[in-house]
Number of protein chains: 2
Amino acid sequence: MSTKSSPRTPARPRSSTPNRRERVPDHRAAGAPAAPAFRPIHTRRAFEEICERIREQLALGVLKPGDKLPPERDLAQQLGVSRNVLREALRSLEMAGVLRLQKGVKGGAFIQEGDTSRMNGVMRDMLSLGTISVRELSEARVHVLDLVVRLACANARKADLDALEANIRRTEDATREGRLLDRVECSREFYKLLAASTGNKVIAMIMDSVTEIHMRFVYAKVSSSGVAMARLAEKRRQFLAALGERNVASATRLMRTHLESVQRMLEQDPGAMSLHVALAEVQPGMRR
Amino acid sequence: MSTKSSPRTPARPRSSTPNRRERVPDHRAAGAPAAPAFRPIHTRRAFEEICERIREQLALGVLKPGDKLPPERDLAQQLGVSRNVLREALRSLEMAGVLRLQKGVKGGAFIQEGDTSRMNGVMRDMLSLGTISVRELSEARVHVLDLVVRLACANARKADLDALEANIRRTEDATREGRLLDRVECSREFYKLLAASTGNKVIAMIMDSVTEIHMRFVYAKVSSSGVAMARLAEKRRQFLAALGERNVASATRLMRTHLESVQRMLEQDPGAMSLHVALAEVQPGMRR
DNA sequence: ATTATTAAATGGCTCACCCATTCAATGGAA
DNA sequence: TTCCATTGAATGGGTGAGCCATTTAATAAT
């Protein structure tokens with residue numbers, strides 16, 4: 001770590017030093033003692049820099065959803081990096097939901113509308129990595145749901161209530177026809193609609209993120225054991241009535257007791273419930 | 001889209017067809033009519049597949065924090081992809097906080113402990129992309145903070161209270177010496193400690209994610225206008241006292257009134273507050 | 001025993017390709 | 001004219017070979 005530029009390359013086998021970014025083309029043999037402009041521009045990794053710059057353009061409003069980035073070949077040249085490295089950055093941004101990459105003529109990298117389900121993946125990773133526990137997640141869900149119910153009571157519009165009503169009807173159909181897993185799908189949608197009816201997308205996002213994993217467990221439980229909540233649609237109707245009347249006390253009480261019964265259902269025969277299976281399993285209608 | 005394998009390549013200039021994954025090495029010239037095993041394995045993009053498989057191993061518990069993946073060259077070969085594509089996947093996972101890539105002998109791709117601050121980036125992206133609004137975020141923060149205060153009253157331990165106490169002392173020092181921006185840092189830390197004192201990492205994560213952006217605004221405001229909350233440390237002490245007494249009503253009331261006064265401060269001279277500047281600005285102590 | 005040197009492993013990055021998909025332009029048939 | 005098939009260029013998807021920079025362990029020199 002003395003001179004920061006002391007290469008002890010044995011013999012420099014290939015004589016051709018390709019244009020290695022802004023590095024001077026190796027004049028050391030001429031006796032020049034460590035050229036002043038020798039320090040490379042970047043100390044961090046190139047792809048981090050690129051991600052950051054694109055996010056900066058986004059934050060500054062220079063880039064907006066729908067905008068298209070230059071073609072990979074052009075952009076790579078503009079940034080002075082290889083196409084491969086640029087692609088690493090674009091891929092990361094795509095996984096983060098910021099970009100969409102599209103092939104073909106008129107294709108390119110397009111800035112996306114924000115995907116509110118992105119938080120779900122974070123929650124799932126935290127769970128997979130053991131940073132958070134199922135217990136913490138369940139507990140958080142109870143509290144968030146309590147908040148959501150209160151906000152929904154305050155803010156739900158007729159369209160929201162209608163959507164919930166329609167959802168309950170689908171739940172009734174599924175129940176009548178014994179389609180248990182479809183009913184789980186209905187539940188997933190019910191909570192999503194409820195979250196949306198708060199009128200606050202941040203709250204809704206948070207709610208969805210704590211609900212998604214929970215529904216995986218319910219799905220796994222129902223799928224493996226065949227058990228199912230009794231009188232689900234009926235309870236939903238009671239809840240919806242309370243919501244329509246803006247009766248916070250009643251709505252929160254109904255939801256809380258329902259959650260408790262679901263929790264009891266999940267906890268019976270606990271050995272069958274594997275975090276790993278629930279997390280790894282790919283389910284219909286689930287953003288993988 | 002007829003045969004799915006009808007290349008109309010003019011003349012196939014290079015004769016060397018390198019081992020293109022599990023594709024048969026081009027026997028068409030011999031007259032073989034579209035070899036049966038011609039369909040490539042993957043229909044989705046390779047890097048998505050790779051990310052998914054690694055996450056699956058994680059979910060199944062085969063991979064755990066601290067584990068090391070095989071060297072890029074080996075893993076690429078195992079997966080039957082080029083090293084470049086594998087790197088795209090690894091980079092994505094690194095940006096997602098799942099991996100850490102480390103150079104040198106004994107380096108490699110190591111599974112990380114989950115980084116609870118990952119949600120902040122999602123929130124920031126959503127704001128940058130205009131999917132959520134500052135108003136929604138502020139509103140959500142009020143509600144989440146209310147919940148956090150209630151949980152902290154219920155669950156805070158002595159160590160949590162001591163940490164808050166120490167934080168308040170630093171706030172007092174900063175106030176006395178006129179270090180306004182340091183005091184903002186103290187505030188950021190205060191809310192982080194408060195969130196942690198709920199004893200629930202999911203709640204804490206949520207709280208942090210709605211607080212991080214807010215503190216950027218406060219920072220930008222204080223930084224540009226020089227104004228600052230009056231009697232901040234004093235109010236913090238009152239709040240901490242209520243927390244120590246497990247007095248939920250008092251604690252929530254104190255926090256609520258404080259939030260309102262902060263909101264008033266932020267909203268005076270609103271023209272100076274730019275979402276873009278606040279988001280793009282890099283601040284000390286801020287995970288970039 | 002300590003310190004400097006060497007060598008190997010590994011990620012970081014580049015270059016120069018080829019492949020597959022998409023879509024606008026073109027041109028011929030109805 | 002109208003409609004459909006063909007063509008060709010743009011663009012992302014992917015490959016492989018190879019060099020560079022950093023890190024660490026082994027080895028040699030002092």
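Heavy-atom basis, side chains included; hydrogens, waters and symmetry copies ignored. Chain identifiers are assigned alphabetically (A, B, ...) following the order of the sequence lines, protein sequences preceding nucleic acid strands; residue numbering begins at 1 within each chain.
- Taking 4.5 Å as the limit, every side-chain heavy atom of A/Thr211 sits out of range of all side-chain heavy atoms of A/Lys192.
- Remark: side-chain polar atoms of A/Arg216 are paired, donor with acceptor, to backbone N or O of A/Leu279 under 3.5 angstrom.
- Residue A/Phe47 contributes atom CZ, which lies 13 Å from atom P of C/dT14 at whole-angstrom precision.
- The environment of B/Gln77 atom CD is sparse: at most 12 non-hydrogen atoms of other residues, nucleotides or ligands sit within 6.0 angstrom.
- The CD1 atom of B/Ile50 sits 13 Å away from the P atom of D/dG13 (whole-angstrom rounding).
- In this structure, CG of A/Asn84 is placed 14 Å from P of C/dG12, rounded to the nearest angstrom.
- With respect to A/Glu185 and A/Arg170, no salt bridge is recorded, no charged nitrogen being found less than 4.0 Å from a carboxylate O.
- Residue A/Arg44 contributes atom CZ, which lies 17 Å from atom C1' of C/dC13 at whole-angstrom precision.
- Atom CG in B/Leu86 sits about 15 Å away from atom C1' in C/dC13, given to the nearest Å.
- Partners of A/Ala195 by side chain to side chain contact (heavy atoms under 4.5 Å, CB included), not counting sequence neighbours, listed by chain and number: A/Ala204, A/Met207, A/Asp208.
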Polar pairs (N or O, both sides) under 3.5 Å between protein and nucleotides 9-11 of chain C?
| residue | atom | partner | partner atom | Å |
| --- | --- | --- | --- | --- |
| C/dA9 | N3 | B/Val105 | N | 3.3 |
| C/dT10 | O4' | B/Gly104 | O | 3.3 |
| C/dG11 | OP2 | B/Glu72 | N | 3.0 |
| C/dG11 | N7 | B/Arg73 | NH1 | 3.0 |
| C/dG11 | N7 | B/Arg83 | NH2 | 3.3 |
| C/dG11 | O6 | B/Arg73 | NH2 | 3.1 |

With a 3.5 Å cut-off and sequence neighbours excluded, list the donor-acceptor pairs that the side chains of residues 61-68 of chain B form with protein atoms.
| residue | atom | partner | partner atom | Å |
| --- | --- | --- | --- | --- |
| B/Asp67 | OD2 | B/Lys64 | N | 2.8 |
| B/Lys68 | NZ | B/Gly107 | O | 3.1 |

